[in-house]
Novice: 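Starting off with a structure, shown below.
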Amino acid sequence: MSSTDLFKYALVLLLPAAYFASRFLRSTTLPTSSASSAAADNPVKSIMQAPRDDLAPPKDDPFTLVQLKEFDGSDSSKPIYVSIKGTVFDVSAKADVYGSGKSYNIFAGKDGSKGLGMSSLKEEHAVSDYSELSDAERKVLDDWHAFFSKRYNVVGRVVDLPVPVKREREASSENPTPAPNPSSDL
Ligand code: HEM
């Protein structure tokens with residue numbers, strides 16, 4: 001058998017194996033269900049990084065979406081930030097995945113909540129307006145928020161989220177401002 005034939009046979013055997021390995025990794029690493037996010041917190045069963053117990057107290061520094069762009073990993077002297085639902089996380093410790101040209105750089109220097117909820121790495125989905133996500137996608141997004149909260153320091157919050165997201169937040173607020181009483185003279 002020539003070395004070219006050998007190479008072809010190796011490809012035929014290896015490609016399906018690689019496909020199933022990637023399917024397996026996906027099912028055990030992405031918070032697409034509560035079961036997988038529970039696995040993500042277990043350092044023994046999961047290949048995801050373990051939660052940290054040395055996180056700094058969260059900061060509340062204000063960021064506009066434009067200011068956030070500075071921290072997209074393109075300047076290695078600056079930290080890398082990822083925002084989820086307006087919470088800004090410092091992910092510099094994982095420059096190997098969020099740095100320039102790396103697999104999850106799409107989420108760096110921005111709020112890509114919609115893409116996280118959709119489990120999408122497409123540029124057009126990596127935007128902060130997640131108001132059109134389904135309930136299941138919102139659950140995935142909330143799982144990512146919980147995942148990041150246990151692993152990365154919070155350095156601030158985005159102050160100019162798009163109007164639909166702001167409206168939703170106000171509508172779901174636990175302590176809504178009472179509606180004015182039309183019969184009152186005050
Ligand atoms: C075949 C598809 C995929 C495979 C094999 C895969 C594999 C992985 C692996 C191995 C990690 C751990 C990386 C590390 O800790 O160094 C990871 C983390 C992650 N993946 Fe994926 N992934 C896939 C698709 C996706 C998609 C579509 C998204 C879009 C939301 C995504 C988002 C993430 C995020 C946000 C992390 C967390 C990184 C961190 O901060 O620790 N992945 N993935």
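Just follow the structure's listing: the first ligand is 1, and inside any ligand the first atom is 1. Positions are given from 1 along the sequence. Just so it is clear, the structure is predicted and the values come from calculations on it, not from any experiment.
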Novice: Using the side-chain hydrogen bond (donor to acceptor under 3.5 Å, both in side chains) rule, pick out the option among Asp142, Asp143, Asp135 that qualifies with Lys139.
Specialist: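 Looking at Asp142, Asp143, Asp135, the match for Lys139 under the side-chain hydrogen bond (donor to acceptor under 3.5 Å, both in side chains) is Asp143.
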Novice: Of the listed options (Lys102, His125, Lys122, Met48), which comes nearest to atom 12 (C) of ligand 1 when hydrogens are ignored and any heavy atom counts?
Specialist: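 Checking each option, the heavy atom nearest atom 12 (C) of ligand 1 is found in Met48.
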Novice: Quick check: Asp96 and ligand 1, any N/O pair under 3.5 Å apart?
Specialist: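 Such a contact does not occur with ligand 1.
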Novice: For this output row, return yes or no: ring centroids of His125 and Tyr130 closer than 6.0 angstrom.
Specialist: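 Ring centroids of His125 and Tyr130 are no less than 6.0 Å from each other.
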Novice: Please enumerate all residues that pass side-chain hydrogen bond (donor to acceptor under 3.5 Å, both in side chains) together with Asp60, with sequence neighbours excluded.
Specialist: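 If we apply the side-chain hydrogen bond (donor to acceptor under 3.5 Å, both in side chains) test to Asp60, skipping adjacent residues, the hits are Arg157.
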Novice: Within the structure, does Trp144 bring an N/O atom to less than 3.5 angstrom of an N/O atom in ligand 1?
Specialist: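 No, no N or O pair falls under 3.5 Å.
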Novice: Report yes if Gln49 has an N/O atom closer than 3.5 Å to an N/O atom of ligand 1; otherwise report no.
Specialist: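 Yes, since at least one N or O of Gln49 sits under 3.5 Å from an N or O of ligand 1.
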Novice: Out of all atoms in ligand 1, which are within 4.0 Å of some heavy atom of Lys94? Include the element for each.
Specialist: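 Contacts of ligand 1 toward Lys94, numbered from 1: 14 (C), 15 (O), 16 (O).
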Novice: Please compare Phe147, Phe107, Tyr104 and report which has the shortest non-hydrogen distance to atom 25 (C) of ligand 1.
Specialist: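 Minimum heavy-atom distance to atom 25 (C) of ligand 1 goes to Tyr104.
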Novice: Should Ser119 be counted as touching ligand 1, given the test is an N or O pair under 3.5 Å?
Specialist: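 No, no N or O pair falls under 3.5 Å.
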Novice: How about Tyr81 and Tyr98: are their ring centroids closer than 6.0 Å?
Specialist: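 Ring centres of Tyr98 and Tyr81 not closer than 6.0 Å.
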Novice: Counting only heavy atoms, which portion of Arg151 has something under 4.0 Å from ligand 1: side chain, backbone, both, or neither?
Specialist: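 Neither part.
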Novice: Which residues satisfy the side-chain hydrogen bond (donor to acceptor under 3.5 Å, both in side chains) test with Asp72, sequence neighbours excluded?
Specialist: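 Only Ser74 meet the side-chain hydrogen bond (donor to acceptor under 3.5 Å, both in side chains) criterion with Asp72.
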Novice: Can Lys110 and Lys69 be said to form a side chain to side chain contact (heavy atoms under 4.5 Å, CB included), step by step?
Specialist: CA-CA 6 Å; Lys110 65 174 81 158; Lys69 277 189 195 159; 5.9 Å; no
Novice: Check for me, please, whether Val97 and Trp144 land in the same ILVMFWY cluster - side-chain distances under 4.5 Å, paths through other members count.
Specialist: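 The answer is yes; both residues are in one hydrophobic cluster.
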Novice: With atom 37 (C) of ligand 1 as the reference point, say which of Tyr152, Phe89, Tyr98 has the nearest heavy atom.
Specialist: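 Residue with the shortest heavy-atom distance to the ligand atom: Tyr98.
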Novice: Nearest non-hydrogen atom to atom 10 (C) of ligand 1 belongs to which of Val82, Leu121, Leu141, Ile47?
Specialist: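 Comparing heavy atoms across Val82, Leu121, Leu141, Ile47, the nearest one to atom 10 (C) of ligand 1 lies in Ile47.
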